[in-house]
Each structure stands twice: as structure tokens, then as C-alpha cells.
Number of protein chains: 2
Amino acid sequence: MADLTRATADTPPGRATIVDVARAAQVSRQTVSNALNRPDKVAAPTLERVLREIDRLGFTPHITAQQLRRRKAAAYGFEVNPSGHGRLGHILDEFLVQLTVAAPAHGSHLMTFAPDPEDVIEGYRQTLATGLVDGFVLADTRHGDPRPQWLLDHHVPFVAFGRVWDLPELRQWVDVDGGAGVREAVAHLVAAGYDRIGFLGWPAGSPVGDDRRHGWLAGLADAGRTASGQLEAEESVQDLDQATAAAERLLRRLGPGSAVVCASDMLALGAVRAVRNTGLALGADIGVVGFDDTDVADALSVTSIRQPIAEAARTAWQMLTSPESPRPVLLAPALTVRSSTTRTPTSSATRPRDTPITEEQP
Amino acid sequence: MADLTRATADTPPGRATIVDVARAAQVSRQTVSNALNRPDKVAAPTLERVLREIDRLGFTPHITAQQLRRRKAAAYGFEVNPSGHGRLGHILDEFLVQLTVAAPAHGSHLMTFAPDPEDVIEGYRQTLATGLVDGFVLADTRHGDPRPQWLLDHHVPFVAFGRVWDLPELRQWVDVDGGAGVREAVAHLVAAGYDRIGFLGWPAGSPVGDDRRHGWLAGLADAGRTASGQLEAEESVQDLDQATAAAERLLRRLGPGSAVVCASDMLALGAVRAVRNTGLALGADIGVVGFDDTDVADALSVTSIRQPIAEAARTAWQMLTSPESPRPVLLAPALTVRSSTTRTPTSSATRPRDTPITEEQP
DNA sequence: GATGCGCGTTTGAACGTTCCAACAAATGGG
DNA sequence: CCCATTTGTTGGAACGTTCAAACGCGCATC
């Protein structure tokens with residue numbers, strides 16, 4: 001169907017193949033192949049001649065034929081799970097994009113596939129059996145997830161984004177150290193001059209949520225403070241109103257001049273609403289930090305903890321394609337600082353920075 | 001690397017091929033191939049025997065070999081553009097997921113690729129020249145987009161999600177009728193008993209934004225109202241504060257008992273803040289409708305216009321894989337109704353529905 | 001001057017499948 | 001009852017590439 005080359009006297013119509021190049025450069029198939037794959041094995045003048053013809057004919061190797069002969073797809077599968085409201089969500093969305101961006105650097109491609117709703121494994125088995133992919137990038141590893149063990153059992157290369165909690169001996173995963181991110185956020189808040197620092201999280205029990213909570217405690221310890229006297233709200237993000245109410249209770253106890261670190265940007269939205277409901281100023285009176293640096297944080301001008309997704313993607317490829325046995329990697333997130341954690345308000349860009357602001361202090 | 005079958009007496013180690021099946025069923029290669037591709041050409045008893053062996057050996061055709069021989073990849077490319085904050089965004093995120101879900105129904109696969117930052121076309125040229133894909137699914141078609149014309153020139157199959165504004169004669173696109181969605185939202189608000197209905201949009205000039213604005217005007221006309229006396233705020237979503245301020249002006253003019261339709265959920269967030277700032281009750285006093293049904297709308301309990309992305313994805317596949325010349329398709333979005341457009345407040349689940357609420361009316 | 005070696009190049013075969021033409025057996029019409 | 005047609009099955013070839021082995025050649029070695 002697609003025609004990429006113009007047909008002339010010495011270029012047959014359709015896409016140019018390796019034999020077309022060979023004929024034009026007056027060498028054999030194999031020499032053209034060598035020119036591309038092991039240039040050191042080809043004499044300099046020959047190499048130059050072949051490369052010139054490759055360029056002239058616009059030859060690009062047919063990956064499908066390579067895949068067949070090399071018995072290697074140079075492609076990896078990525079399961080997109082339509083369960084989460086039919087979307088990947090902010091983090092996996094970005095992860096997929098960054099995986100795709102980083103793929104060429106490893107001579108690979110990414111192929112998406114949807115899971116079989118009946119059987120978690122079936123989609124993996126099929127995708128692999130067709131020879132379309134060499135392995136998989138796992139995301140969203142859950143407790144009791146059967147996939148890592150199955151992949152191990154069948155010697156299928158894979159890497160996980162997210163700790164594989166069930167298999168502590170497994171080494172092929174990248175994750176983001178959420179706890180370290182929260183810890184850093186606490187340090188930032190202390191340095192910014194907030195007196196008391198609370199935490200708005202999810203109900204205990206989820207590994208991710210608990211990790212972030214521990215980061216908060218560690219941050220307090222770093223600053224020589226303890227959690228006693230502090231208050232921790234535990235509500236589900238599902239209901240924004242609950243989060244808002246929890247944040248209001250938190251603010252009543254901590255008072256102006258304090259700050260709240262939240263386990264998600266959606267919780268941070270609740271905190272911001274609570275700040276407004278309480279009649280306080282965001283940033284000047286109360287600091288708020290979110291998690292994941294979503295559109296919401298950006299729109300609300302809320303400081304947020306940003307996961308280094310691009311680096312996670314690059315690390316994942318490294319583990320997948322480098323031959324030696326990998327080491328688990330924990331990446332540190334970074335803080336995107338916005339006006340929600342600035343005690344001298346700069347939210348209005350029209351107001352000059354050096355204008356002294358009288359703010360009510362406790 | 002991967003070993004999917006156990007090696008026994010009559011099954012050689014490694015993946016089973018078509019010849020293994022042929023040997024086991026005592027037929028030729030070709031008959032096995034026919035059994036899978038043109039079962040009607042195979043005698044019933046033979047067919048049964050072959051299928052039994054296929055099942056027993058766990059044979060799955062090697063797609064790579066099929067691709068080579070059939071000269072067809074049965075895969076399509078999808079460009080993920082890392083420019084938008086490194087993410088696809090809510091809509092394209094869902095579109096990608098739904099494309100992947102619908103792919104098997106068309107015997108196809110989806111392959112992601114990142115654009116060459118230097119040259120918009122280069123990524124397409126390369127991906128196609130390698131034979132990895134037969135064509136492309138375009139998204140995010142912009143004004144002055146060189147891709148559709150290039151693809152047409154080179155006879156490359158493709159379909160666009162989003163109208164191709166530059167090429168009115170082009171027929172291969174699916175889009176969502178945003179205007180119709182807004183129009184329906186206006187009808188919903190009228191039926192719900194809101195007196196005056198405003199619109200909070202983006203500055204005029206973007207096709208998408210203007211389309212939604214026209215939907216608002218059409219909805220007013222349907223209800224026998226005109227935009228005179230109504231007020232339309234035009235601000236950029238970039239700055240939530242501007243949106244909030246614009247919404248406050250809007251509410252001052254429209255007064256309680258009115259409603260605001262927004263061109264995005266982020267604008268709706270501004271509207272919701274304006275409602276709170278004005279001391280009014282969301283839903284009971286002021287109706288708010290967003291667009292795209294994102295997490296934010298869900299969290300804020302805001303009625304939102306939901307794009308039928310899954311259907312768009314199915315339509316895209318249809319256009320791509322069905323032989324006959326396609327017709328452009330405009331899909332109608334649907335309203336996800338939440339408490340932000342309910343005049344008898346049900347936002348707090350604990351408060352019984354039948355409790356009469358005294359609300360101040362103008 | 002025969003021997004061995006390394007370099008650059010070529011040739012045959014293979015990856016796993018389907019297209020194509022040929023074939024044998026069964027079926028039908030005159 | 002023979003020939004033409006249909007039905008079912010088969011083997012050779014091809015898709016475009018790389019692997020593995022072989023080859024010819026110049027050069028140093030003895």
C-alpha cells in the first residue's frame with residue numbers, strides 16, 4: 001500500500017531491500033548487512049560505497065525480517081489496564097510516554113496490549129507466544145500479583161515499575177522513593193519557616209500510603225521534632241469533602257503558621273479548600289504540599305512532589321536490555337515549589353516582590 | 001530466552017511451529033495453515049485432527065513470520081508527544097487505552113513511538129519504513145499540521161482522532177461533537193430549573209473552544225432564550241485565579257438560581273471556587289457543568305460532559321481496517337450528572353433527601 | 001616456495017509463515 | 001464410461017534478513 005521510494009531506472013518500485021543495495025554497490029547481501037551491523041568487519045572503501053548507496057536508495061532494514069531471523073522482537077509489551085476509569089492515570093500516562101521516548105536509545109519498541117479480563121496471565125502468554133515481544137514492562141504491581149512469579153517461571157525478561165512486594169528477592173524493579181520525597185518536603189517547609197507540619201494521607205494499610213507517612217515522620221525527626229502534638233488525618237481521597245473536613249480539623253489544631261503535606265494532589269485540593277474555608281491565606285498563613293505534580297497542583301499553584309518518571313523509564317529499559325543482573329533502583333523525587341509554600345506571598349505576579357507584606361502571625 | 005512449552009517425546013523444546021503441528025497431525029504445513037486461515041477449505045475430519053494437535057501443542061502462529069510473508073504488519077503506530085508536560089493528558093490517555101482494548105477485535109496491535117523533535121514527519125517515515133506498522137492513528141491534529149497531507153501523498157493508511165481542519169475533503173476522521181455536548185448540558189440545566197445560564201470558556205480563536213461556545217448559544221436558542229443579558233467570560237485556563245475571578249463576575253451578573261457551563265473541568269474548578277467565595281451553595285444556588293469528566297469533576301462532584309472515547313477508538317479501528325472509503329464520524333458526548341446541577345442538594349449523603357431546604361432566592 | 005594465518009568477502013541455509021501452482025481423488029454430466 | 005470439474009491436499013518458492021561456514025587473497029613465517 002505505502003510507497004516510500006520513487007521508482008527509477010535502477011530502483012525497482014516499492015521499498016528498497018538489502019539486495020537492491022547490494023546490487024547497486026556491487027557487493028553481496030551479507031556485506032551490506034555487515035556494513036550496518038559490524039562496520040569494523042568491512043574494508044573502508046567498500047563501507048563507504050555501501051553506505052552511499054544505502055543513503056541514495058533510502059534503504060531502511062525491514063525490522064520484521066530482522067525479528068524473524070534474529071529470533072528477537074526487540075519490542076516489549078506494556079499492559080494498559082482499562083479498569084481505572086478506562087485511563088492509565090497521571091503517573092502511568094507519563095511513564096508510558098517516557099518509556100516510548102527512551103525506547104529508541106535501546107533499539108527497542110513498545111507495544112501496548114489489554115489484559116484478558118478472565119485471566120491476568122493470558123494476555124501475557126498470548127502476546128509472548130506470538131513472538132511480538134521479548135518481554136514486558138510491568139506497572140501497577142499489586143499485592144498478590146501473579147504476574148512476576150509466572151514471568152520468572154517461564155524465563156521471560158521483565159522489569160517492574162513499582163516495588164514487587166511479594167518477592168523480596170526479586171531485583172528487577174525501579175520505584176520512586178515516595179517517603180524520601182515527603183521527607184524532603186518537610187525539610188523544605190521547615191526551612192520556609194512553617195512551625196508545625198501535619199500530614200494528610202490515606203487510611204493505613206496501603207504500602208504506598210504508609211511509605212509516604214513514614215517519610216513525614218522521618219522528616220520531623222530530621223528537624224528534631226516529633227509527631228506528638230501533631231495530628232494526622234486519615235481519609236480516603238475518594239471523597240474530597242472528607243479530605244476537606246479532615247484538613248479543617250488539622251488546621252484548627254495546628255493553627256496559622258503551620259503546613260500540611262498531602263499524600264496526593266487531590267488531598268492537597270482538599271487542604272487548599274480547608275485553608276480558604278478557615279479564612280486563612282494559602283502560603284502566607286498555611287503551607288500546603290501535594291504529591292505527583294498534576295494539573296491540579298499546577299492550577300492551584302500548590303507545591304508538589306514530582307516523581308522522576310523519565311528517569312524511571314530510562315532505568316527500566318536499562319534493566320531490561322542490559323545483560324548483567326540488575327540491582328533494584330529507588331529514585332528520589334523532586335519538589336516543584338510554588339506559591340503555596342511561600343510565606344511572603346508572590347502569588348499575584350503584578351505585585352512587586354520587594355513590597356513588604358504585613359501578615360498576621362500567631 | 002522464553003520457553004513456553006515443556007519438551008516431551010514428540011514436542012521438541014522451544015516454541016511449537018506449524019511444522020510440529022503438521023507432523024503431529026500427519027498433514028502438510030499448508031493444511032495446518034489452511035485450518036487456521038481458511039477452515040472451509042479443509043475436510044472436516046482433517047480439520048478436527050489438526051485443531052486438536054494445535055490445542056495439544058499449544059501452538060500460536062508466529063506473528064512476525066506472518067507479517068513478513070503477508071507483507072502486512074497488522075499493527076498501527078500511535079505517536080506520543082512528550083511536549084504536553086510529558087503526558088498525553090486525560091483524553092488521549094483514555095483514547096490510547098481504548099484503542100488498545102479494541103485492537104484485538106480487528107486483528108491488530110498498537111505500537112507507540114515518539115516524534116523526532118527536529119522533523120514532525122521523520123518519526124512517521126522511519127516507523128513506516130521499518131515495516132513495523134501499516135499505518136497510523138493520528139491524534140491532536142493541529143492547524144497547519146503537515147502529517148495528513150504527507151500520509152495522503154505516500155498512500156499510507158491513517159485515521160485521525162479530531163477533525164482535520166486543513167483538509168475539508170478528508171473523510172478519515174472521528175471526532176466528538178463538543179458543541180452538541182454543551183448544548184445538551186444547557187438543556188439539562190434548563191430542565192433542572194436554573195434560570196440563567198452562562199458560559200465560561202477560553203479566549204476566542206481555538207476551534208475546539210469556539211465549537212463549545214457555539215453549543216452554548218445553540219442550547220440557549222433551543223430553550224427560547226438569547227445570549228443578550230447573559231454574560232460570557234473569556235479567560236485562559238492557564239491561570240485558575242483568572243478563571244475564578246471571571247466566574248465571580250459572571251455570578252454577580254447572573255445571580256443565584258443560575259448556572260455556568262464551562263469549557264473544561266479546570267475552568268469548572270474556578271467556577272466552583274467562585275461559588276464558594278460568593279457564599280452560595282453549589283447545586284442548590286448555582287449549577288456548574290464541566291467538560292471531560294476528569295478526576296477533578298469527580299472529586300468536586302461536578303456534573304461534566306463526558307466524551308465517548310471508547311466508541312471513538314472503535315470507530316477509528318473500523319475506518320482503518322475496513323476496506324471501503326470511510327465517512328467522517330461525529331460522536332455525541334454524554335452528561336455525567338452529579339450534585340453540582342441538582343437544585344435540591346444531595347451532596348451530603350447523611351442528610352435525608354426529603355428534608356426541605358430553605359434557600360435564598362433573588 | 002610451501003605453510004599458516006588473518007582479513008574481507010561471498011554463498012548456502014535458515015527463521016516461520018503463506019502464496020502459488022501442481023496434484024490426486026472424488027464427483028458430475030454427456 | 002470417459003472427460004471435465006470440483007475438492008482436498010501437497011511441495012516448492014518466497015517474504016527480507018542474519019548466521020555459519022567457506023572461500024580467495026595477501027602477507028608473514030619457517
Side-chain angles (χ1 to χ4, degrees), chain A residues 1-2 4-5 12-51 54 57-74 107 128-132 134, chain B residues 1-2 4-5 12-51 54 57-74 107 128-132 134:
Chain A
M1 184 75 74
L4 292 180
T5 51
R15 103 178 345 114
T17 80
I18 209 171
V19 275
D20 296 326
V21 176
R23 193 159 26 228
Q26 316 216 41
V27 291
S28 70
R29 294 189 315 279
Q30 187 61 33
T31 300
V32 178
S33 178
N34 288 339
L36 288 169
N37 299 317
R38 347 187 69 180
D40 55 304
K41 297 281 177 196
V42 179
T46 317
L47 180 61
E48 196 206 354
R49 185 156 33 102
V50 170
L51 292 181
I54 285 176
L57 297 175
F59 167 71
T60 307
H62 203 269
I63 295 199
T64 300
Q66 291 184 328
Q67 291 177 334
L68 182 59
R69 178 63 251 221
R70 288 179 171 159
R71 328 198 77 206
K72 189 156 185 350
L128 189 65
T130 58
L132 270 177
D134 296 322
Chain B
M1 185 74 75
L4 291 180
T5 50
R15 102 176 349 109
T17 80
I18 208 170
V19 276
D20 296 327
V21 176
R23 197 164 17 234
Q26 315 215 43
V27 292
S28 69
R29 293 187 318 279
Q30 187 59 34
T31 301
V32 179
S33 178
N34 288 339
L36 289 170
N37 299 317
R38 347 188 67 181
D40 55 305
K41 296 281 175 195
V42 178
T46 316
L47 181 60
E48 196 205 353
R49 186 155 34 99
V50 171
L51 292 180
I54 286 176
L57 297 175
F59 166 72
T60 308
H62 202 270
I63 294 199
T64 299
Q66 291 184 328
Q67 292 176 334
L68 183 60
R69 177 65 251 217
R70 289 178 168 160
R71 327 198 77 204
K72 192 155 186 345
L128 189 65
T130 58
L132 269 176
D134 296 323

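Residue numbers start from 1 in every chain, and the chains themselves are labelled A, B, ... in the order their sequence lines are given, proteins ahead of strands. When reading the values below, keep in mind they use all heavy atoms of this one structure, side chains included, and skip hydrogens, waters and symmetry mates. None of the values given here were measured: they were computed from a predicted structure.
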**Student:** Quickly work out the Arg15(A) CZ to dT17(D) C1' distance and round it to whole Å.
**Tutor:** 13 Å
**Student:** Select from Gln26(B) and Ala65(B) the residue whose nearest nucleotide in DNA chain D is closer to the 5' end of that strand.
**Tutor:** Gln26(B)
**Student:** Counting C-beta onward and ignoring hydrogens, is there a side-chain heavy-atom pair between Val50(A) and Val42(A) closer than 4.5 Å?
**Tutor:** no
**Student:** A side-chain contact here means heavy atoms from C-beta on lying under 4.5 Å apart; do Leu36(B) and Ile54(B) qualify?
**Tutor:** yes
**Student:** For dA14(D), take OP1 and OP2 only and decide whether either is under 4.0 Å from a side-chain N or O of Arg70(B).
**Tutor:** no
**Student:** Students often get this wrong, so: under 4.0 angstrom with heavy atoms, is Val42(B) touching a base, only sugar-phosphate, or nothing?
**Tutor:** sugar-phosphate
**Student:** Reading DNA chain C from 5' onward, which residue's closest nucleotide shows up sooner: Arg29(A) or Ala44(A)?
**Tutor:** Ala44(A)
**Student:** Is Val32(B) close to Arg29(B) at the side-chain level, that is, under 4.5 Å between some pair of heavy atoms?
**Tutor:** no
**Student:** Just to confirm, is there a sub-4.0 Å distance from OP1 or OP2 of dT9(D) to any side-chain nitrogen or oxygen of Thr31(B)?
**Tutor:** no
**Student:** Judged by each residue's nearest nucleotide on DNA chain D, which is more toward the 5′ side, Leu68(B) or Ala43(B)?
**Tutor:** Ala43(B)
**Student:** Look at the side-chain N and O atoms of Asn37(B) and state whether any lies under 4.0 Å from the OP1 or OP2 oxygen of dT18(C).
**Tutor:** yes
**Student:** Can you tell me how far the OG1 atom of Thr46(A) sits from the CG atom of Leu51(A), to the nearest 0.5 Å?
**Tutor:** 10.5 Å
**Student:** State whether Ser28(A) places a side-chain N or O below 4.0 Å from either non-bridging phosphate oxygen (OP1 or OP2) of dT11(C).
**Tutor:** no
**Student:** Can you say whether a donor on the side chain of Gln30(B) sits under 3.5 Å from an acceptor on the base of dC19(C), or the other way round?
**Tutor:** yes
**Student:** Which whole-number value in Å describes the distance from His62(A) NE2 to dA14(D) P?
**Tutor:** 18 Å
**Student:** Output the rounded distance in Å from NZ (Lys72(A)) to P (dC19(D)).
**Tutor:** 12 Å
**Student:** Does dC15(C) have its OP1 or OP2 closer than 4.0 Å to a side-chain nitrogen or oxygen of Thr64(B)?
**Tutor:** no
**Student:** Measure from CZ on Arg38(A) to P on dC7(C) and round the result to the nearest Å.
**Tutor:** 13 Å
**Student:** Would you state whether a donor and an acceptor, one from the side chain of Arg69(A) and one from the base of dT17(D), lie under 3.5 Å apart?
**Tutor:** no
**Student:** Whole-Å distance between dC7(C) C1' and Asn34(A) CG?
**Tutor:** 12 Å
**Student:** What is the separation between atom CG on Leu132(A) and atom C1' on dG16(C), rounded to the nearest whole Å?
**Tutor:** 14 Å
**Student:** Round to a whole Å and report the spacing from NZ of Lys41(B) to P of dA26(C).
**Tutor:** 19 Å
**Student:** Could you give the CD1-to-C1' distance, from Ile18(A) to dT11(C), as a whole number of Å?
**Tutor:** 14 Å
**Student:** Looking at side-chain heavy atoms only, is the closest gap between Ile63(B) and Gln67(B) below 4.5 Å?
**Tutor:** yes
